[in-house]
Protein chains: 2
Amino acid sequence: MDKKYTIKDIAKMAGVSKGTVDRVLHNRGKVSPTALEKINEVLNVINYEPNLIARNLKNTKIYRIAVLLPDPETDPYWLPCVNGIRDAVNEFKAYNINIQTHFFNPESTKSFLESNTIILEDQPDAVLLAPLFHKETLEIVKEYNEANIVVNTFNNQIESEITKGFVGQDLHKSGRVAASLMNLILTDGQIAIIHIDESVKNAVHMQEKEKGFRNYFDEKNNNAFSLTTLKLKQHNVETKFAVFLEQNPNLKGIFITTSKAYQIASLLSPLKDRKIALIGYDLVENNVNFLNEGLVHFLIHQNQKRQVYLGISTLVEHFLFRKDIPETILLPIDIINAENASFYIA
Amino acid sequence: MDKKYTIKDIAKMAGVSKGTVDRVLHNRGKVSPTALEKINEVLNVINYEPNLIARNLKNTKIYRIAVLLPDPETDPYWLPCVNGIRDAVNEFKAYNINIQTHFFNPESTKSFLESNTIILEDQPDAVLLAPLFHKETLEIVKEYNEANIVVNTFNNQIESEITKGFVGQDLHKSGRVAASLMNLILTDGQIAIIHIDESVKNAVHMQEKEKGFRNYFDEKNNNAFSLTTLKLKQHNVETKFAVFLEQNPNLKGIFITTSKAYQIASLLSPLKDRKIALIGYDLVENNVNFLNEGLVHFLIHQNQKRQVYLGISTLVEHFLFRKDIPETILLPIDIINAENASFYIA
DNA sequence: AATAAAAATGTGCTCGAACACATAAATATT
DNA sequence: AATATTTATGTGTTCGAGCACATTTTTATT
């Protein structure tokens, strides 16, 4: 029923040589109308699917994929990505796939641009990047397109038709998820939305989460809650947050839009008298520790590891199996507490 | 650095023919100690990894895998598995893999045994099964082993050394996860653990969940809660549960250990005055509807789809790439509420 | 009609592993 | 020493797609 036909089979059935079948399948070279029709007739009857194994055996071309992401040494958020890359390398090492990892400094647009220049010079077949900087990304993606280098992105969604593929999360909805959990823990009181970040680079990221978070409470139309936004930088968290805490004695919950929940948790740790619900992002080690201690109630898992893995594997399948690169792959918004955390840690 | 060596390369380096290298690699045929040493010397220096593409090209053997699971028509819990099988079929259709699906009636051990007999007669290379019935499974696995058919299991863990592989969830921990969520919603009162099932087939399954659930509260040592267990069958849910509700006016939460939370939810739906927290299992349509209505607070996702997919793919990789079948693969315990459910529905 | 040019079609080799088979070298047997 | 037998080693073919090149057929040109 679903017998596998080969080019030779088709040739025999159509009464021509495999060379002619090959020309029809790839519409190269010239074929007489008579032969074309005969072959098409056969192709209409059977369901020919080329043997990808054979194709890739002959194919001596080595596809080179560059992955560009922030240095995990600077921000451990990116650490799981390295494992995702490792997995992809392992999975595809049987094929002619070469994967090269590049790191940039997430606090420097210059570093981002420099890394991209290096990649451009290296002329890979494709690049998967975490486009932290919006304007710069548009520039370099244009260059990649001109150099015929396929671009795929992850983690940060760029609103532009210039990029084709994206793997990541729906940030707005993840904010809503956080809100729904907060709404479950608390019945009333003040909730702070805290952005902790060095630069404006994550601005869009954090804003989307905040919007989603607020949107949930707006819909509920529950005026038992009041929401406040607080923007902090890593170096001033301690001082500024202490002041904020003092000035807001009714504070009951905190939603931290970056992976820095542990910074807040460590400040709340000594204040045993204040019971504040904490919800943050990402299973970085410090966060998980506070999760287990009970100071952080929930973490939302962004699954960076899988983001990178999927980003790479769609590229590989594009080259190897000629599949299209999906426009957007949205990963589930995983809810993590102390009880199920261990299963998500890579 | 990580150049790919072929058998021919090794032969040249060792000064022998590729035939001899082949004999050493597969330790077949006879090889002189001199040749063996020369080849081993080369193999110690380089890192030879056979080209799996080439290997599988020549390999004309078609590996046949049978998948046996309960009929989704009888219990929609199993519906996502069909999609998992579809995904696997698609992914591996390039290779010589043939996957056959078989359904049995989950309420009949006879049906289970009959299906297995059919599969045994069909002589596939491997079988992936949902071993609902413990005793019967041990019997038929023995027969599979004798017939040299590789066995992998999913969903229900069989405590026996007779089976090698299992893909599923840690049920005890999933009970704990449910408890931790319940503990978040409620501060005190009575909690019911309800088992809804036709037969004893799921007994172990449900018990493990209950144990985990109770274990969490035991550890907390919080005597604000009291836990009760209630066993129901699908046809008597309505009558028995109504009685139970009346007799337990202080009931604040219900943990349903099967995918039948919707049955309880539909009975609670008209009782607007009683606010009861509901936590259940599985994203079957009815459950999700009540989740969205707010009657079910959380569902724990057992990800049957991925269970089957992984169960198949480990078998495929076993045949194609000679990888070992992992003894146990435990999938994450996904916490689902109304906000993130859509991302998990296949 | 003969030759040149263009178009159509067929043939043969490659990729790397695997294995059957052929040949060669090393022992054993008379 | 000559032949038989065992053991070791090498050669050649296969899998299916893809593409270069050779060959044949058709059409154009003198």
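This one's a predicted model, so the numbers in the text were calculated from it and none came from an experiment. Reckoned from all heavy atoms, side chains included, excluding hydrogens, waters and symmetry mates. By convention in this document, chain letters (A, B, ...) are assigned in the order of the sequence lines, proteins followed by strands, and residues within each chain are numbered from 1.
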Please tabulate, one pair per line, all N/O donor-acceptor pairs under 3.5 Å involving side-chain atoms of residues 34-50 of chain B, not counting sequence neighbours.
unit_1	atom_1	unit_2	atom_2	d
B:Asn40	ND2	B:Leu36	O	3.4
B:Asn44	ND2	B:Asn40	O	3.2

### Task
Kindly state which residues belonging to residues 31-38 of chain A come within less than 4.0 angstrom of DNA chain C, counting heavy atoms of the residue only, listed by number.
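Within this stretch, A:Val31, A:Ser32, A:Ala35 sit under 4.0 Å of the strand.
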#### Entry: Rounded distance [0.5 Å steps], CD1 in A:Ile53 versus CG in B:Asn56
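Atom-to-atom, A:Ile53:CD1 and B:Asn56:CG are 5.5 Å apart.
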### Message
If I take atom CD1 from residue A:Ile325 and atom OG1 from residue A:Thr153, how far apart are they, to the nearest 0.5 angstrom?
### Response
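Atom-to-atom, A:Ile325:CD1 and A:Thr153:OG1 are 10.5 Å apart.
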### Query
Could A:Asp9 and A:Lys4 be called an ion pair, given the rule that one side-chain N must be under 4.0 Å from one carboxylate O?
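Salt bridge between A:Asp9 and A:Lys4, a charged N being under 4.0 Å from a carboxylate O: no.
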### Query
Looking at A:Arg64 and A:Asp122, does any basic side-chain N land under 4.0 Å from a carboxylate oxygen?
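So A:Arg64 pairs with A:Asp122 through a salt bridge.
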### Task
Spell out protein contact along nucleotides 17-22 of chain C as letters: B when the base is contacted, S when just the sugar-phosphate is, - when no protein heavy atom is under 4.0 Å; keep the 5' to 3' order.
SBB---
### Task
On DNA chain D, reading 5' to 3', which nucleotide is the first and which the last to sit with an atom under 4.0 Å from a heavy atom of chain B, could you check?
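First and last nucleotides in contact are D:dA8 to D:dG16.
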### Message
Between B:Thr20 and B:Asn59, which residue's closest nucleotide on DNA chain D lies nearer the 5′ terminus?
### Response
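It is B:Thr20 whose nearest nucleotide is closer to the 5' end.
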Please tabulate, for the side chains in residues 136-150 of chain B, all donor-acceptor contacts under 3.5 angstrom to protein atoms that are two or more places apart in sequence or on a different chain.
unit_1	atom_1	unit_2	atom_2	d
B:Thr137	OG1	B:Phe133	O	2.4
B:Tyr144	OH	B:Asn116	OD1	2.6

### Message
I'd like to check the salt bridge (charged side-chain N to carboxylate O under 4.0 Å, His left out) partners of A:Glu114; sequence neighbours left out, ordered by chain and number.
### Response
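Salt bridge (charged side-chain N to carboxylate O under 4.0 Å, His left out) list for A:Glu114, sorted by chain: A:Lys110.
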### Side-chain H-bond candidate by donor/acceptor type, A:Thr314 with A:Asn152, under 3.5 Å
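Per modelled atom types, A:Thr314 and A:Asn152 side chains form a pair under 3.5 Å.
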### Query
Among side-chain atoms of B:Asn155 and B:Tyr77, is any donor-acceptor pair under 3.5 angstrom?
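Yes, side-chain donor-acceptor contact under 3.5 Å.
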### Query
Whole Å only: how far is the NZ atom of B:Lys12 from the C1' atom of C:dG16?
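For the pair B:Lys12 NZ and C:dG16 C1', the rounded distance is 14 Å.
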### Message
Is it the case that the side chain of B:Asn59 and the backbone of B:Arg55 share a donor-acceptor pair, with hydrogens and angles ignored and the cut-off at 3.5 Å?
### Response
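A pair under 3.5 Å: no.
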